[in-house]
**Q** 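Handing you this structure, nothing more for now.
Here is how names work: the chains are called A, B, and so on, in the same order as the sequence lines, proteins then strands, and each is numbered from 1.
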Amino acid sequence: MPYEGYYSCKCSSGGTIFDSHRVFNNANERDDVIWTSMVACYAQQGDKEAVFQLFNQMQVEGVKPNSVTCLMICLVCSSPDCLKDGKKIHTFILGSGMQFNLALTNTIIDMYVKCRRLNYACCVFDVMVNRDVVSWNVMITAHVEAGLNEQAVMLLEKMQKGGVPPNQLTYVAVLKGCVQLMNIELGMQVHACIMENSLQVDDFLHSNLAAMYAKCGSLKDAESVLDDMDKADVVSRTALIAGYSKNGEGKEALALFEKMKREGVEPDELAFICTLRASAVIGALQHGKRIHEDIRKSSLCCNVLVKNALMDMYANCGSLNDASDVFASMEAPDILSWNEIISGYAHQGAGKQALLYFDKMLAEGIKPDATTFLAVLNACRHVGLVEQGHCHFESMSREHGILPTMDHYASMVDLLCRAGHTDRAEAFILEMVVEPDESVWMALLGGCRYRGHVETAKRAYRQIIKLNPTLPGAYVTLANIFAMGGMWNDLAEVRKEMDAFGFCKQAEQTYIELEDEIAMFSKSDRSHPQAKDIQTELNRPTDLMKEAGSS
DNA sequence: TTAGGGTTAG
């Protein structure tokens, strides 16, 4: 056993660096393998400095690094800030004639990918004489991660033509590409390909298949992927739960979560987060509270991400007190937590409370981001704080180095319009340093409703049509403004334009939690057994307002 | 000795 030390001094086998050093120091003869063991040990810890020190030292002592030593060096150089060292080791490898070692070359390619130099990776890949499944997988995954999905699919075709059969990892990467392309047909072809090749499908691939179908909106197919599994794991189930809530089917998401628990599959961090999101989507407060109970009993009770999801659920369900309790219980709220509490209060119209949290955030030295400012502008909008809103908008780029997005501009326009400054809002758009998009003009058009500014509305409408003639909201809003002003001829004209485009208004759906039952209803839907009672309850506030107005 | 999974505000 000449190389016994090779494995015995590896940290991953349970030993410590101290043990490794003892083996290393006691070795009678230190060959390249034992040196490499030490390098591997520090490489696993990600200690780049120690790795390079050993690499240099072994050469000083006259031991030539082998391909595994170099591979380890490449691994610690696999991040953007290590590119320079990565290039150095690559040069060393070329000079030592090790470039024909397949595993090493694959690692060099992956190193360049992780250094965000896909072009370098492509250069190395292109000149390879022999490529194995890992070489292709690294390239396909890299292209998908860079959003170059069509190229990734082309690589898959080339790989197959070149006689290298894809494995599970290849399909995992390609399925991700299908999702980015939102191309379910391609996803189905990939699925068929997996079946044709009778490839063993493991949990990784199953969860990716489920995620692909769920994200592309085909929940039935995602369900059947889960049915094909002996026992669907928490990851696959989470993919489907997330798919349900993304597609507005929060009720199904919650049902799946309950089923998962009944079947003894323990929810993890992401399962809780996705299920809380589902509760948030449909405003199921009681379900959300039950999930909160589960979280309290689990080891994830202090997890920041889970707490953020809890706040999101409570805020969306309109229970700001619960959201702020969760926030108060956090030891170190992150930017998401702050944004959540600020936007939660802003959204509910409690603008002053939202701004108090914003001040507190700044006082605690937390750096706001673009979303924080969206919430802050929203808060100002609700309270009618025009000048304060303008100040915050200005401070975004000036003091915090954040460039306003179209959403920020649109928010400012709405803020001005709400306060009756429609002319100022229009001037604000015309003075924008970037070209306004339709959302900014839509904010102005919508803002004209507050005071019935028909001429400004017409100008905004013309701009929107120029940018995007297929935006139903523009026609509907203008029509409403005409109707408010009794301009029936103009209204008829807009209706004609709408008919020409074939727009029809889709009934909006909403959910209501009745004790344990979640019911969905839309404006004209009377199918629920208690539809009459629900409608009476919904009419109550309007009736009360009418009564109050007439007295 | 090399490559991979589900998720996050408005």
**Q** Excluding sequence neighbours, so at least two apart, what forms side chain to side chain contact (heavy atoms under 4.5 Å, CB included) with N197(A)?
**A**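 For N197(A), the residues satisfying side chain to side chain contact (heavy atoms under 4.5 Å, CB included) (neighbours in sequence not counted) are Y171(A), C193(A).
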**Q** NA contact type, D334(A), heavy-atom cut-off 4.0 Å: base, sugar-phosphate, or nothing?
**A**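 If one applies the 4.0 Å heavy-atom cut-off, D334(A) turns out to touch nothing in the nucleic acid.
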**Q** Please find out if less than 6.0 Å separates the ring center of F358(A) from that of F373(A).
**A** yes
**Q** Base, sugar-phosphate, or nothing: which does R277(A) touch, judged by heavy atoms less than 4.0 Å apart?
**A**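 Result for R277(A) = sugar-phosphate.
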**Q** Is any side-chain N or O of S207(A) under 3.5 Å from a base N or O of dG5(B), one able to act as donor and the other as acceptor?
**A** yes
**Q** Base, sugar-phosphate, or nothing: which does N101(A) touch, judged by heavy atoms less than 4.0 Å apart?
**A** nothing
**Q** Ignoring hydrogens and angles, answer whether the base of dA9(B) and the side-chain atoms of N316(A) contain a donor-acceptor pair closer than 3.5 Å.
**A** no
**Q** Going by the rule side chain to side chain contact (heavy atoms under 4.5 Å, CB included), which residues pair with E269(A) if we only count those two or more places apart in sequence or in a different chain?
**A**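 Side chain to side chain contact (heavy atoms under 4.5 Å, CB included) check on E269(A) returns I273(A), L300(A), N303(A), L305(A), V306(A).
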**Q** Sequence neighbours left out, what passes side chain to side chain contact (heavy atoms under 4.5 Å, CB included) with D132(A)? Give chain and number order.
**A**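 Testing D132(A) for side chain to side chain contact (heavy atoms under 4.5 Å, CB included), a comparison that skips the adjacent residues, returns L102(A), N106(A), V134(A), S135(A).
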**Q** Measure distances between side-chain N and O atoms of N339(A) and base N and O atoms of dA9(B), and say whether any donor-acceptor pair falls under 3.5 Å.
**A**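 Yes, the side chain and the base share a sub-3.5 Å donor-acceptor pair.
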**Q** At 4.0 Å (heavy atoms only), tell me whether D233(A) reaches a base, stays on the sugar-phosphate, or touches nothing.
**A**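 The residue D233(A) makes base contact.
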**Q** Would you list the atom pairs, donor with acceptor, under 3.5 Å between side chains in residues 114-127 of chain A and any protein atom, with sequence neighbours excluded?
**A**
{"unit_1": "K114(A)", "atom_1": "NZ", "unit_2": "D110(A)", "atom_2": "OD2", "d": "2.6"}
{"unit_1": "Y120(A)", "atom_1": "OH", "unit_2": "K87(A)", "atom_2": "NZ", "d": "3.4"}

**Q** By a strict heavy-atom criterion of less than 4.0 Å, which residues belonging to residues 120-149 of chain A are in contact with DNA chain B?
**A**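 By residue number: V134(A), N137(A), V138(A).
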**Q** Report which part of the nucleic acid A309(A) touches: base, sugar-phosphate, or nothing (heavy-atom distance under 4.0 Å, all strands).
**A** nothing
**Q** Whether K176(A) contacts dG4(B) is assessed here as follows: a side-chain N or O lying under 4.0 Å from the phosphate OP1 or OP2. Is that the case?
**A**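 No, no such contact exists.
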**Q** Considering just the side-chain nitrogens and oxygens of K307(A), establish if one lies under 4.0 Å of OP1 or OP2 belonging to dT8(B).
**A** no
**Q** Report the residues that fulfil side chain to side chain contact (heavy atoms under 4.5 Å, CB included) with Q353(A), sequence neighbours left out, ordered by chain and then residue number.
**A** Y345(A), A350(A), L356(A), Y357(A)
